[in-house]
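In listed order, ligands and their atoms are each counted from 1. No experiment lies behind these values; they were computed from the predicted model shown.
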Amino acid sequence: MIPFNKPFIAGKELYYIAQAVTMGNIAADGHFTKLCSRFLEERFGIKKVLLVPSGTAALELAAMLCDLQPGDEVIMPSYTFVSTASAFVRVGAKPVFVDIRPDTLNIDETKIEAAITERTRVIVPVHYAGVACEMDTIMDIARRYNLLVVEDAAQGVNAFYKGRALGSIGHLGCYSFHETKNYICGEGGALCINDERFIERAEILRDKGTNRQKFFRGEVDKYTWVDVGSSYVMAEILAAFLWGQLECLDSITSRRREIYEYYRAALRPLAEAGLLGLPHIPADCQSNYHLFYILARTGEERDEMLRYLCDHGVLAIFHYVPLHSSPMGSRLGYRLGDLPLTEDLASRVIRLPMFHELSMEQQQRVVNLVNAFCRESASISA
Ligand SMILES: *Cc1c(COP(=O)(O)O)cnc(C)c1O
């Protein structure tokens, strides 16, 4: 069986974990946490990066920092991971779902303005597959209506929009280092702070509601309880693993690019014959090649293709069940039919195996099977 994903060692991850232990600090905010945060800040032009336990935790911290009141509205796509929405629902806000673009599966920026009401406070663009949302338009809308922008860049680490790193453009940004992402440490994430106003409170919320970070810097003579926080720190053992990955950022990305481009070139004839759809990277966007998806012609054909690939030893998988169509979505008042493009596209997505150690021979097998399925299903429907 060719798996969909496989965690991998890119360099010195295990050596650095051993080093963290011998250095005598495996809790939070030690040597490796500093190396990782400084690297992300400098390389991606982010004012402050805080390592956290997951992308979900980064979104939760971001939602708390937005200081929302019950009933405030947050605009986001429905085609996203649950945490994008649940982070805001936890603080009493209501997600307002906007349809997506068929070319990138990102939020359709031309439909955002119509969703704004006087309760709107935040826009959450989700950079799907490591391809940027149309950030100039989104930031312009946010400025005109005085809204905050929280980028869900969980899939967007080391991807760029007009030369700017994803996560560095909105007021706040969220990264994930979950084992299914590009650069990993098992479970992990980072909160990116681009608006200085949020730095002090973010440090406090992340550290149990205390001003311990100020104490460490010698700015106060003892630390104490100052806000309602929780523990949103990453253990040094994981930061050590992550540092091993970040040192290999470029080689990990170029390996993914090779895989992406091979799939794209090999499947182009099927796309030209109208048998499937391929992903698109707009000219302003530099991808990190987080995932490679294809679009079947119908939802039914998608399900058949998944079964066919699975029967032949390839674990390809679908992606998000749109949030508005979930049980929580209906509790929030949404109905099937509310977001026609999201519903159609989500039902046709297939993600192909994509991981560092995927061999050329394995990739050829995947391509051959997709070819065989599409040709066969074309001859049946002809
Ligand atoms: C992976 C992901 C998350 C959650 O990240 P975790 O580290 O798994 O908590 C949130 N949003 C998007 C778009 C993701 O892909």
Side-chain angles (χ1 to χ4, degrees), residues 4-5 7 36 40 49-64 74-91 95 97-98 100-101 104-107 122-133 135 138 149-159 161 165-167 169-170 172-192 206 230-235 238-239 241-242 245-246 256 279 285 287-293 317-324 326 328 342 345-346 349 351 354-355:
F4 171 70
N5 180 54
C36 292
L40 295 168
V49 168
L50 299 176
L51 293 194
V52 297
S54 63
T56 301
L59 284 159
E60 291 184 10
L61 269 179
M64 288 187 254
V74 179
I75 291 176
M76 64 181 68
S78 164
Y79 186 68
T80 182
F81 189 62
V82 288
S83 301
T84 318
S86 70
F88 289 91
V89 172
R90 287 176 78 261
V91 295
F97 297 122
V98 167
I100 50 173
R101 292 163 45 143
T104 57
L105 310 190
N106 280 333
I107 191 166
V122 188
I123 306 174
V124 188
V126 179
H127 306 296
Y128 185 67
V131 174
C133 297
M135 289 308 289
I138 293 171
V149 174
V150 174
E151 296 178 73
D152 184 339
Q155 302 176 17
V157 182
N158 199 33
Y161 171 79
L166 305 190
I169 304 170
L172 298 162
C174 303
Y175 287 163
S176 170
F177 305 114
H178 184 263
E179 70 164 13
T180 52
K181 303 300 202 279
N182 284 27
Y183 322 99
I184 62 174
C185 65
E187 298 275 359
L191 176 67
C192 309
R206 173 175 174 265
S230 189
S231 184
Y232 282 108
V233 293
M234 179 191 278
L238 294 179
F241 191 103
L242 183 60
Q245 293 258 317
L246 293 181
R256 294 188 87 96
C285 302
S287 179
N288 62 7
Y289 309 96
H290 172 58
L291 55 88
F292 190 90
Y293 65 84
I317 50 181
F318 57 89
H319 213 174
Y320 307 125
V321 174
L323 298 180
H324 76 282
S326 68
M328 266 305 288
T342 297
L345 292 160
V349 168
R351 291 180 293 160
M354 167 72 117
F355 53 90

Legend entry - Partner residues of R206 under the salt bridge (charged side-chain N to carboxylate O under 4.0 Å, His left out) criterion, sequence neighbours left out: D29
Inset, instruction - Check salt bridge (charged side-chain N to carboxylate O under 4.0 Å, His left out) between R351 and all other residues, then give those that pass, not counting sequence neighbours. - result: none
Inset, instruction - Report yes or no: does R256 contribute a side-chain atom to a donor-acceptor pair with the main-chain N or O of H290 at less than 3.5 Å? - result: yes
Legend entry - Residues which pass side-chain contact (heavy atoms from CB on, under 4.5 Å) with A159, listed by chain and number, not counting sequence neighbours: L166, N288
Inset, instruction - Using a strict cut-off of under 4.0 Å between a residue heavy atom and any atom of ligand 1, list the qualifying protein residues by chain and number. - result: S54, G55, T56, L59, T80, F81, T84, V126, D152, A154, Q155, S176, H178, K181, G188, Y320
Inset, instruction - Taking the six-membered ring for Trp and the full ring for Phe, Tyr or His, determine whether the centres of Y320 and Y79 are under 6.0 Å apart. - result: yes
Legend entry - Side chains of H178 and T180, donor plus acceptor under 3.5 Å: yes
